Enquirer: 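After the structure tokens below, expect a handful of questions from me.
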Amino acid sequence: MEGEMLKTAAAMKACYQGFDPAAYLQYNYTPPRADFERRDSIVPWKLSCLHRALTEDDIRGDVLVDVGSGPTLYQVMSGCERFNRVILSDFLEVNRRELQSWLQEDKSSLDWTTYFKYVCQLEGRSSSAWTEKAARLRSVVSDVLPIDVHQSCPLSQGSLPSYGADCLVSAFCLESVSPDLPSFTSALSNISSLLKRGGYLLLIGALGESFYMGAPGLCIPVVPLDEAQVCFSLRASGYELLQLCIYHLPADMKVGVDDVTGVFFAKAKKA
Ligand SMILES: C[S@@+](CC[C@H](N)C(=O)[O-])C[C@H]1O[C@@H](n2cnc3c(N)ncnc32)[C@H](O)[C@@H]1O
């Protein structure tokens, strides 16, 4: 059974070799999914959840780790104000390079300006403060590390302080790299080893999704989750669930790049 699971997790890793960051960003991080004029657009919803979760309980600390960052930065735009260090991570070198390119202010890197402006507004700042926020994010990202959530130690030894991270963020990673629910739950337990006791997990993921496009013509399989399964996996991995918010995809957000029906946002505390 364990061997079988490893075999299919290995097949998922092989599938990712064709992942194209530019195509992925185009599919998911442009309108209508990232339309800041619409309150029911998916990206503003995610940014609001992250902002609210961190401010409600005044979550802050030393180290924030983003698990499976991909080529995106939106998921740490609120957290970068509240932690001294932010560690980004991804399995693929192409994605890590994309992130490094933004950190080094390469002209060819992706423009996240509208995202920064939106988060500034959520924080009650003028949208013109976005340059300060971008500088803050660049200054607190200490590393962009390789990660494999299917390993019991997903990051290489010594990447984190011995007590672990104060907070983990992970968006659309675990379900899209796991062949089935046991593998998803096991990946969740693996990343929990990175978090200190009493630390917070902010987990965002797809509901009811069986595939997404990782490049033109590349369908990446996803384990289709429902809310009960997310709650089960969190409990099984030693978390107390503090909040679960659900986003239902409006018809015009179904743009043919996946078959997702909803998105969950979970805030949980490691017991
Ligand atoms: C759907 S993307 C999510 C990217 C980003 N977090 C977001 O919110 O859009 C899934 C990410 O998981 C990464 N990945 C693939 N296999 C992985 C593994 N075994 N461990 C950790 N991350 C993996 C991929 O490279 C990809 O960047």
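Atoms within a ligand are numbered from 1 in the order they appear, just like the ligands themselves. The structure presented is a predicted model; accordingly, all values stated were derived computationally and were not measured.
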Enquirer: Angle class for the Tyr118/Phe36 ring planes (parallel below 30°, perpendicular above 60°, tilted otherwise)?
Expert: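 Correct class here is tilted.
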Enquirer: Enumerate the atoms of ligand 1 whose separation from the nearest heavy atom of His150 is less than 4.0 angstrom.
Expert: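 That gives atoms 19 (N) of ligand 1.
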Enquirer: May I have the step-by-step check of side chain to side chain donor-acceptor pair (under 3.5 Å) for Thr113 and Asp111, ending in yes or no?
Expert: CA-CA 6 Å; Thr113 307; Asp111 182 3; 2.4 Å; yes
Enquirer: Identify, by atom number and element, the atoms of ligand 1 in contact range of Ser176, meaning under 4.0 Å from any of its heavy atoms.
Expert: 1 (C), 10 (C)
Enquirer: So, does Arg33 use its side chain to make a donor-acceptor pair with the main chain of Met253 at under 3.5 Å?
Expert: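 Confirmed, Arg33 side chain pairs with Met253 backbone.
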Enquirer: Once the angle between the rings of Tyr24 and Phe19 is folded into 0 to 90°, is it parallel (under 30°), tilted (30 to 60°) or perpendicular (over 60°)?
Expert: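 Correct class here is tilted.
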Enquirer: Quick test of your reading of the structure: of Phe19, Phe91, Tyr16, whose heavy atom lies closest to atom 24 (C) of ligand 1?
Expert: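 It is Tyr16 that holds the nearest heavy atom.
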Enquirer: Need the ligand 1 atom indices (1-based, order shown) with element for anything under 4.0 Å from a heavy-atom of Ile147.
Expert: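 Per the distance check, 20 (N), 21 (C).
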Enquirer: Which bit of Met12 is near ligand 1, meaning a heavy atom under 4.0 Å away: side chain, backbone, both or neither?
Expert: neither
Enquirer: Among protein heavy atoms, which lies nearest atom 8 (O) of ligand 1, and at what distance?
Expert: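 The answer is Tyr74 OH, 2.6 Å.
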Enquirer: Write out the residue and atom name of the closest protein heavy atom to atom 2 (S) of ligand 1, then the distance separating them to 0.1 Å.
Expert: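 Looking at atom 2 (S) of ligand 1, the protein heavy atom closest to it is Tyr24 OH, 3.6 Å.
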Enquirer: Any atoms of ligand 1 less than 4.0 Å from a non-hydrogen atom of Gly68? List them with their elements.
Expert: 4 (C), 5 (C), 6 (N)
Enquirer: Name the option, out of Ile191, Val222, Val177, Val94, that contains the heavy atom nearest to atom 15 (C) of ligand 1.
Expert: Val177
Enquirer: Between Val140, Leu64, Val63, which is the residue that forms a side-chain contact (heavy atoms from CB on, under 4.5 Å) with Phe83?
Expert: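 Per the side-chain contact (heavy atoms from CB on, under 4.5 Å) rule, the option paired with Phe83 is Leu64, out of Val140, Leu64, Val63.
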Enquirer: Which of these, Ser193, Ser192, Pro146, sits in a side-chain contact (heavy atoms from CB on, under 4.5 Å) with Pro154?
Expert: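 Going through the options one by one, the only one that passes is Ser193.
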Enquirer: I need the nearest protein heavy-atom contact for atom 27 (O) of ligand 1: residue, atom name and distance, please.
Expert: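 The closest one turns out to be Asp90 OD1, 2.8 Å.
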Enquirer: Which bit of Thr72 is near ligand 1, meaning a heavy atom under 4.0 Å away: side chain, backbone, both or neither?
Expert: side chain
Enquirer: With a cut-off of 4.0 Å, which atoms of ligand 1 are near a heavy atom of Asn95?
Expert: 25 (O), 26 (C), 27 (O)
Enquirer: Can you check whether Ser69's main-chain N or O pairs, donor with acceptor, with Thr72's side chain at less than 3.5 Å?
Expert: yes
Enquirer: Let's go through Asp57 and Lys269 carefully: what are the C-alpha distance in whole Å and the side-chain angles of both, what is the deciding distance for salt bridge (charged side-chain N to carboxylate O under 4.0 Å, His left out) to 0.1 Å, and is it a yes or a no?
Expert: CA-CA 12 Å; Asp57 292 343; Lys269 199 169 187 176; over 6 Å; no
Enquirer: Heavy-atom contacts under 4.0 Å between Asp148 and ligand 1: side chain, backbone, both, or neither?
Expert: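 Contact part for Asp148 vs ligand 1: both backbone and side chain.
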Enquirer: Nearest protein heavy-atom contact for atom 10 (C) of ligand 1: which residue, which atom, what distance?
Expert: Phe172 O, 3.6 Å
Enquirer: For ligand 1, does Ser69 get within less than 4.0 Å through its side chain, its backbone, both, or neither, judged by non-hydrogen atoms?
Expert: backbone
Enquirer: Measure the distance from atom 7 (C) of ligand 1 to every protein heavy atom, then report the residue, atom name and distance (to 0.1 Å) of the closest one.
Expert: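 Ranking protein heavy atoms by distance from atom 7 (C) of ligand 1, first comes Tyr29 OH, 3.3 Å.
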Enquirer: Using modelled atom types only, decide if a donor and an acceptor are shared between the side chain of Ser170 and the backbone of Val67 within a distance under 3.5 Å.
Expert: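 A pair under 3.5 Å: yes.
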Enquirer: Return the orientation label for the Tyr74 and Tyr115 ring planes: parallel under 30°, perpendicular over 60°, tilted otherwise.
Expert: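 Correct class here is tilted.
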Enquirer: May I ask you to decide if Ala206's main-chain N or O and Glu175's side chain share a donor-acceptor pair within less than 3.5 Å?
Expert: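 A pair under 3.5 Å: yes.
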Enquirer: Given that the side chain starts at C-beta and the backbone is N, CA, C, O, which of these parts of Val149 lies under 4.0 Å from ligand 1, counting heavy atoms, or is it both or neither?
Expert: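 The answer is both.
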Enquirer: For ligand 1 and Tyr212, I'd like to know whether there is a polar contact (N/O to N/O, distance under 3.5 Å).
Expert: no
Enquirer: So is Cys173 polar-close to ligand 1, meaning N/O to N/O under 3.5 Å?
Expert: no
Enquirer: Checking Arg96 side chain against Val144 main chain: does a donor-acceptor pair fall under 3.5 Å?
Expert: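 A pair under 3.5 Å: no.
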Enquirer: Below 4.0 angstrom from a heavy atom of Ala171, which ligand 1 atoms are there? Numbered from 1 as shown, please.
Expert: 3 (C), 5 (C), 6 (N), 7 (C), 8 (O)
